[in-house]
Student: 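Here it is, the structure in full.
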2 protein chains.
Amino acid sequence: MEVKEISQATLKRLPVYFTYLKSLSPQGPVHISATAIAAALDMGEVQVRKDLAAVSKAGRPKVGYVVSDLIRELAAFLGYNDVADAVIVGAGKLGRALLDYKGFSEYGLNIVAGFDIKESLEGETQGGKAIFGLPRFGDLCRRLNIRIGIITVPAESAQSVCDLMVENGIMAILNFAPVHLRVPEGILLQNENIAASLAALSNRLLERMNKEESRNEKIEPPFSEA
Amino acid sequence: MEVKEISQATLKRLPVYFTYLKSLSPQGPVHISATAIAAALDMGEVQVRKDLAAVSKAGRPKVGYVVSDLIRELAAFLGYNDVADAVIVGAGKLGRALLDYKGFSEYGLNIVAGFDIKESLEGETQGGKAIFGLPRFGDLCRRLNIRIGIITVPAESAQSVCDLMVENGIMAILNFAPVHLRVPEGILLQNENIAASLAALSNRLLERMNKEESRNEKIEPPFSEA
DNA sequence: TGAAATTCGATAAAATTTTATCGATAAATT
DNA sequence: AATTTATCGATAAAATTTTATCGAATTTCA
């Protein structure tokens with residue numbers, strides 16, 4: 001076995017490098033160093049180098065990496081080349097926004113269709129993606145061999161939608177509902193709680209503001225005991 | 001200083017406990033143990049206990065924690081009690097979905113208004129949230145003392161929107177555009193790349209399928225050399 | 001051609017995070 | 001009342017992740 005374990009943390013950063021490298025002008029320099037990437041992305045250069053070592057062998061001292069090669073290697077490694085199909089259950093505002101989002105193709109993803117329990121939503125989105133009633137879910141997934149499901153229903157119905165997905169061969173689930181879903185062993189689950197992310201940000205902000213306040217107090221006590 | 005350092009990792013898990021505890025029926029048991037929470041959330045019980053220790057001192061052996069107390073303590077710690085205002089720039093589908101999303105209030109967040117460069121979008125969302133033209137951004141943020149900004153514009157304009165936010169007193173930014181934004185020191189930035197998240201999931205799935213495939217090959221080689 | 005400047009890749013050290021262990025405590029049971 | 005059981009909180013060990021260090025490679029410049 002010469003398969004090196006690639007860390008979860010690295011895996012999360014690779015798409016960042018990919019996006020950054022893609023944003024560089026094709027007219028720009030052919031090479032780029034880990035040092036330069038690190039500077040642009042506000043990271044440590046050693047970390048960048050280590051991360052890139054996981055996907056590329058082509059770094060040359062003093063020169064760096066060939067940008068286009070790196071992009072290619074990252075895309076290959078991350079599976080952005082072979083297209084994977086996915087479906088969305090929950091055609092509310094978020095669901096429809098994702099259905100019509102164009103950016104997925106950059107990452108080798110193709111949202112096939114949406115489903116919703118509300119019959120009034122059946123039809124298609126502004127962008128032309130089909131929305132079906134939930135009864136057709138199983139049939140369509142099985143026929144097209146869909147393996148990836150996105151849940152954008154309210155918390156109350158998320159677990160039953162999740163179960164439905166699992167029953168119909170979905171192997172990986174991206175869940176936007178703010179609940180912890182129970183899945184059988186072997187099913188991949190990733191949670192994406194937007195409200196919680198935002199709250200965490202707000203939280204960090206508050207903390208920082210408190211810290212600075214108390215620091216100011218220390219420097220200039222209103223009525224010190226001296 | 002008796003301020004214990006609270007780890008970044010713990011901070012990310014606290015909202016999960018909060019959401020789970022809130023989902024429990026008020027008619028249910030008064031107490032809950034770290035063991036039970038861990039089982040429900042598929043985590044290690046020691047980790048749960050350690051995380052909870054950061055916000056609560058009230059765990060009793062053999063009994064556990066008082067559910068309602070825990071919820072209260074978590075909410076207080078995470079700042080869900082005092083409401084923070086936020087604005088969104090980019091009133092496309094995602095932006096409008098977030099504007100109308102009801103779930104933020106659970107987390108002490110209030111989305112005040114949306115902004116967009118496209119005049120045709122001015123007016124209000126289905127849910128009744130106002131959408132203004134970008135020129136009014138600075139004025140409104142300063143008058144209402146907004147500190148949190150959400151970016152849902154395309155990658156190309158994200159940096160300039162980010163700059164605009166910083167100029168007008170925004171201290172924390174949640175960025176949905178797939179670009180790395182440069183912010184001055186002291187500004188909090190959190191990136192949320194939905195496409196990349198999904199791709200990561202798809203990636204893990206592929207990897208697992210490959211692994212299983214190769215395992216099967218090992219167990220039953222098509223034409224072994226034996 | 002030789003010296004200086006960059007940068008890589010690898011290894012080692014430091015920091016962080018997760019997991020295990022164990023005595024103490026409180027309730028339930030005998 | 002004593003014993004058993006479940007659970008906490010703390011401490012220690014293990015694992016993971018980040019950061020630092022350093023020799024070797026490669027280009028640039030004198």
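Side-chain atoms are counted along with the backbone in the values below, which use heavy atoms only and exclude waters and symmetry mates. Chain A is the first sequence line, chain B the second, and so forth, proteins listed ahead of strands; every chain is numbered from 1.
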Student: Hey, is the main chain of Gly186(A) close enough, under 3.5 Å, to the side chain of Arg208(B) for a donor-acceptor pair?
Tutor: yes

Student: Atom CG of Asp42(B) and atom C1' of dT19(C): how far apart are they, to the nearest Å?
Tutor: 17 Å

Student: Using atom CD1 of Ile6(B) as one end and atom C1' of dT16(C) as the other, report the distance to the nearest whole Å.
Tutor: 14 Å

Student: Knowing that exactly one of Asn193(A), Asn191(A), Thr152(A) qualifies, which makes a side chain to side chain donor-acceptor pair (under 3.5 Å) with Asn175(A)?
Tutor: Asn191(A)

Student: If I take atom CG in residue Asp51(A) and atom P in nucleotide dT17(D), what distance separates them, rounded to the nearest angstrom?
Tutor: 11 Å

Student: Taking Ile170(B) as the fixed residue, which of Ile148(B), Val89(B), Val87(B) is the one that meets the side-chain contact (heavy atoms from CB on, under 4.5 Å) rule?
Tutor: Val87(B)

Student: Please give, in whole Å, the distance from dA15(C) C1' to Gln47(A) CD?
Tutor: 13 Å

Student: Starting at CG of Leu201(B), measure out to CG of Leu189(A) and round the result to the nearest 0.5 Å.
Tutor: 8.0 Å

Student: Taking all non-hydrogen atoms of both residues into account, name the closest pair between Ser56(B) and Leu70(B) and its distance.
Tutor: CB-CD2, 3.9 Å

Student: With side-chain contact (heavy atoms from CB on, under 4.5 Å) as the criterion, how do Asp51(B) and Val16(B) come out once you've worked through the C-alpha distance, each side chain's angles and the decisive distance to 0.1 Å?
Tutor: CA-CA 11 Å; Asp51(B) 285 345; Val16(B) 179; over 6 Å; no

Student: If the sugar-phosphate is the primed atoms plus P, OP1 and OP2 and the base is the rest, what is the B/S/- string for nucleotides 6-13 of chain D, using protein heavy atoms under 4.0 Å?
Tutor: BBBB----

Student: Roughly how many Å is it from CD1 in Ile37(A) to C1' in dT6(C), rounded to a whole number?
Tutor: 15 Å

Student: Nearest 0.5 Å, please: how far is NZ in Lys22(A) from CD in Glu106(A)?
Tutor: 4.5 Å

Student: Anything under 30° is parallel, anything over 60° is perpendicular, the rest tilted; go ahead and classify Phe18(A) against Tyr107(A).
Tutor: tilted

Student: Taking CD from Gln8(B) and C1' from dT17(D), how many angstroms apart are they, rounded to a whole number?
Tutor: 14 Å

Student: With the threshold set at under 4.0 Å for non-hydrogen atoms, list the residues of residues 68-79 of chain A touching DNA chain D in residue-number order.
Tutor: none

Student: To the nearest Å, give me how far apart CE (Met43(B)) and C1' (dT19(C)) are.
Tutor: 13 Å

